Visitor: 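Okay, handing you the structure first.
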Protein chains: 2
Amino acid sequence: MGGTLRRRGYKLTPQRRAVLRTVALSQDHLTPAAIYDRVRQQHPGIGLLTVYRTLQILTELGFICEVHAGGSCGSYIVGSPEHHHHLICSNCGKVINFTGCNLSELEQRLSQQTGFEIESHLLEFLGCCRSCQKIA
Amino acid sequence: MGGTLRRRGYKLTPQRRAVLRTVALSQDHLTPAAIYDRVRQQHPGIGLLTVYRTLQILTELGFICEVHAGGSCGSYIVGSPEHHHHLICSNCGKVINFTGCNLSELEQRLSQQTGFEIESHLLEFLGCCRSCQKIA
DNA sequence: TTGTAAGTGAAAATAACTTTCATATAGATA
DNA sequence: TATCTATATGAAAGTTATTTTCACTTACAA
Ligand SMILES: [Mn+2]
Ligand SMILES: [Mn+2]
Ligand SMILES: [Zn+2]
Ligand SMILES: [Zn+2]
């Protein structure tokens, strides 16, 4: 983490460490406010503003990802450097990262049909995780 | 439109007509505030609040869709009843609807590997449309 | 060490959205 | 067509989410 930050001119502060740690320790996606609440337990005195700023930087660097499906826009989950996507439990918010989206064929078809030069894609699945199935 | 609304206990008001018309006439996705500005030209006196309420209902009924990719969370584009997805120009916001996402194989693999019961998916492509390519 | 560019947090400002409530109207019914 | 009522509207206020500003602090390169 430190290296990646420094390479981009950012500093590694205790606050940034704490925010990343909090997101990484959670199984489910968290809003900035929820992250703030958790971080404060280990790091009182941190400001919500710093949480916002940190989330932005960590997203830019790929340490964390924003999720969208199921009304979760603007909440975050730990990331990984490789290209991947998210499978989200609509009940408890648990997120599983997966790879192998295999969309290049579709991408090519769209590019041909529309003339768009395709840059990226957003793919998320929404479902019910095993533990939530038992409860329901 | 009128029939679908009435079937669900909603009324067809001039305001709702105007909001849908505005979204449908736009090639690109619009925020509630942008929709408000446009609707007001034909329908002064409408409140932003009514725009919010209408967008919610029209989304629920499938007349319009919310888009997410490229920081467009919370903006809307005209919809269609069949299952489809969006290809969005990251420069001008133009949206093209497409069908044939063909994700059932991937869906099945994920279901087996994770135990999730998969309910739905969110798929959007981001790219540069033909006219924006010429300009750039 | 020291210097400095980058980061922090308090406060205020702005933007985004929702709740409340009195009034108005779509459209079903007689 | 006139009446009735559930639904919709808009003004205002309230809440939540996010950003800007600025004086002070700190990471870390030299
Ligand atoms: Mn991720
Ligand atoms: Mn659509
Ligand atoms: Zn779950
Ligand atoms: Zn374009």
Side-chain angles (χ1 to χ4, degrees), chain A residues 1-23 29-61 63-64 66-68 70-77 93, chain B residues 1-23 29-61 63-64 66-68 70-77 93:
Chain A
M1 182 191 190
T4 311
L5 281 169
R6 247 168 274 132
R7 226 168 293 129
R8 302 277 207 110
Y10 296 123
K11 292 175 180 174
L12 177 53
T13 64
Q15 289 90 337
R16 288 177 180 170
R17 228 193 267 276
V19 168
L20 179 55
R21 186 162 184 278
T22 297
V23 176
H29 55 86
L30 299 174
T31 62
I35 294 166
Y36 176 57
D37 285 343
R38 294 186 185 201
V39 170
R40 260 202 302 185
Q41 291 173 20
Q42 307 304 319
H43 200 296
I46 194 174
L48 176 56
L49 169 55
T50 295
V51 173
Y52 275 108
R53 286 190 286 223
T54 301
L55 292 174
Q56 191 174 305
I57 292 171
L58 294 179
T59 302
E60 178 193 329
L61 300 182
F63 286 117
I64 62 175
E66 198 182 344
V67 296
H68 298 268
S72 63
C73 286
S75 66
Y76 296 85
I77 189 76
Chain B
M1 184 191 186
T4 311
L5 281 170
R6 246 168 275 132
R7 226 166 294 129
R8 301 279 208 109
Y10 296 123
K11 291 175 181 176
L12 177 54
T13 65
Q15 290 92 335
R16 287 176 180 169
R17 227 192 267 277
V19 168
L20 179 55
R21 187 162 183 278
T22 298
V23 177
H29 54 86
L30 300 173
T31 61
I35 294 165
Y36 176 56
D37 285 343
R38 295 187 184 201
V39 171
R40 261 202 301 184
Q41 290 172 21
Q42 306 307 320
H43 201 297
I46 193 174
L48 177 56
L49 168 55
T50 295
V51 173
Y52 276 111
R53 286 189 284 221
T54 302
L55 292 174
Q56 191 173 306
I57 291 172
L58 294 179
T59 302
E60 177 193 329
L61 301 182
F63 286 116
I64 61 174
E66 198 183 343
V67 295
H68 298 268
S72 62
C73 286
S75 65
Y76 296 83
I77 189 76

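For clarity, every value in this text was computed on a predicted model and none was experimentally measured. Letters go in sequence order (proteins before strands), and every chain restarts at 1.
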Visitor: Could you tell me whether the side chain of B:Leu20 reaches within less than 4.5 Å of the side chain of B:Thr54, counting heavy atoms only?
Guide: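 Side chain of B:Thr54 against side chain of B:Leu20, heavy atoms only: no contact under 4.5 Å found.
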
Visitor: Is the terminal nitrogen or CZ of A:Arg6 (NZ for Lys, CZ for Arg) located under 6.0 angstrom from the six-membered ring centre of A:Tyr10 and within 45° of that ring's axis?
Guide: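 No, A:Arg6 does not sit over the ring of A:Tyr10.
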
Visitor: C:dA28 C1' sits how many Å from B:Leu12 CG, rounded?
Guide: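 So the two atoms are 15 Å apart, to the nearest Å.
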
Visitor: So which of A:Leu58, A:Thr31, A:Thr59 actually passes side chain to side chain contact (heavy atoms under 4.5 Å, CB included) with A:Tyr76?
Guide: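 When side chain to side chain contact (heavy atoms under 4.5 Å, CB included) is applied between A:Tyr76 and each of A:Leu58, A:Thr31, A:Thr59, only A:Thr59 qualifies.
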
Visitor: Please compare B:Leu48 and B:Pro14 by the position of their nearest nucleotide in DNA chain C and report the one closer to 5'.
Guide: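 It is B:Leu48 whose nearest nucleotide is closer to the 5' end.
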
Visitor: Whether the side chain of A:Thr50 engages the backbone of A:Ile46 through a donor-acceptor N/O pair (distance < 3.5 Å, no angle test) should be reported.
Guide: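 Judged by distance alone, no pair lies under 3.5 Å.
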
Visitor: Anything under 4.0 Å to a heavy atom of chain A counts; send over the first and last such nucleotide of DNA chain D, read 5' to 3'.
Guide: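 From 5' to 3', the first and last contacting nucleotides are D:dA17 to D:dA29.
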
Visitor: Quick one, B:Phe63 and B:Thr4 - any side-chain contact, counting heavy atoms below 4.5 Å?
Guide: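 Counting from C-beta outward, B:Phe63 and B:Thr4 do come under 4.5 Å.
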
Visitor: Quick check on contacts: within residues 2-10 of chain A, what sits under 4.0 Å from DNA chain D by heavy-atom distance?
Guide: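 Result for residues 2-10 of chain A: A:Arg6, sorted by number.
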
Visitor: Counting neighbours of CD on B:Gln56 that are heavy atoms of other residues, nucleotides or ligands and sit closer than 6.0 Å, is the number greater than 12?
Guide: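 Incorrect, the count does not exceed 12.
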
Visitor: Please list each protein N or O that sits under 3.5 Å from an N or O in nucleotides 19-23 of chain C, with the distance.
Guide:
none

Visitor: Is B:Ser75 close to B:Leu30 at the side-chain level, that is, under 4.5 Å between some pair of heavy atoms?
Guide: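 B:Leu30 vs B:Ser75: side chains apart.
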
Visitor: Would you tell me if any nitrogen or oxygen in the side chain of A:Thr13 comes within less than 4.0 Å of OP1 or OP2 on C:dG7?
Guide: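 Answer is no, no contact under 4.0 Å.
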
Visitor: Could you tell me whether the side chain of B:Leu5 reaches within less than 4.5 Å of the side chain of B:Met1, counting heavy atoms only?
Guide: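 Yes; the side chains approach each other to less than 4.5 Å.
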
Visitor: Can you check whether A:His43 reaches A:Arg17 side chain to side chain, under 4.5 Å on heavy atoms?
Guide: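 No, too far: nothing below the 4.5 Å cut-off.
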
Visitor: Minimum heavy-atom separation for A:Pro32 to A:Gly74, with atom names?
Guide: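 Closest pair (atom of A:Pro32, atom of A:Gly74, distance): CD-O, 3.3 Å.
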
Visitor: For the CZ atom of A:Arg16 and the NZ atom of A:Lys11, what is their distance to the nearest 0.5 Å?
Guide: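 One gets 9.0 Å once the value is rounded to the nearest 0.5 Å.
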
Visitor: Can you measure B:Gln15 atom CD to C:dA24 atom P for me and round it to whole angstrom units?
Guide: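 Interatomic distance, CD of B:Gln15 to P of C:dA24: 14 Å.
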
Visitor: Rounded to the nearest 0.5 Å, what separation is found between the CZ atom of A:Arg40 and the OG1 atom of A:Thr22?
Guide: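 Spacing of CZ (A:Arg40) from OG1 (A:Thr22) equals 12.0 Å.
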
Visitor: Check the distance between C:dG9's C1' and A:Arg16's CZ and give it to me in whole angstrom.
Guide: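 Taking CZ of A:Arg16 and C1' of C:dG9, I get 14 Å after rounding.
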
Visitor: Under a 4.5 Å cut-off applied to non-hydrogen side-chain atoms, are B:His29 and B:Glu66 in contact?
Guide: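 A side-chain contact is absent here, since even the closest heavy-atom pair is not under 4.5 Å.
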
Visitor: Could you grab the distance from atom CG of A:Leu49 to atom CD of A:Gln15, nearest 0.5 Å is fine?
Guide: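 Going from the CG atom of A:Leu49 to the CD atom of A:Gln15 covers 11.0 Å.
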
Visitor: Which residues, if any, of residues 35-47 of chain B bring a heavy atom under 4.0 Å of DNA chain D?
Guide: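 Under 4.0 Å from DNA chain D: B:Gly45, B:Ile46, B:Gly47.
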
Visitor: For B:Lys11 and for B:Gly74, locate the closest nucleotide of DNA chain C by heavy-atom distance; then report the residue assigned to the nucleotide nearer the 5' terminus.
Guide: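 Between the two, 5'-proximity favours B:Gly74.
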
Visitor: Which atom pairs link the protein and nucleotides 12-15 of chain C when you take only N or O atoms and keep those under 3.5 Å?
Guide:
none

Visitor: Taking the side chain as C-beta and beyond, is there a heavy-atom pair between B:Leu55 and B:Ile35 under 4.5 Å?
Guide: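 Yes - at least one pair of side-chain heavy atoms lies under 4.5 Å apart.
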
Visitor: So how far off straight is the helix from C:dT1-D:dA30 to C:dA30-D:dT1, going by the axes through five pairs at either end, to 10°?
Guide: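 Here the helix ends are tilted 40° relative to one another.
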
Visitor: Does the cation-pi check pass for A:Arg38 over A:Tyr36, that is, NZ or CZ under 6.0 Å from the six-membered ring centre and within 45° of its axis?
Guide: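 Cation-pi check for A:Arg38 and A:Tyr36: fails.
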
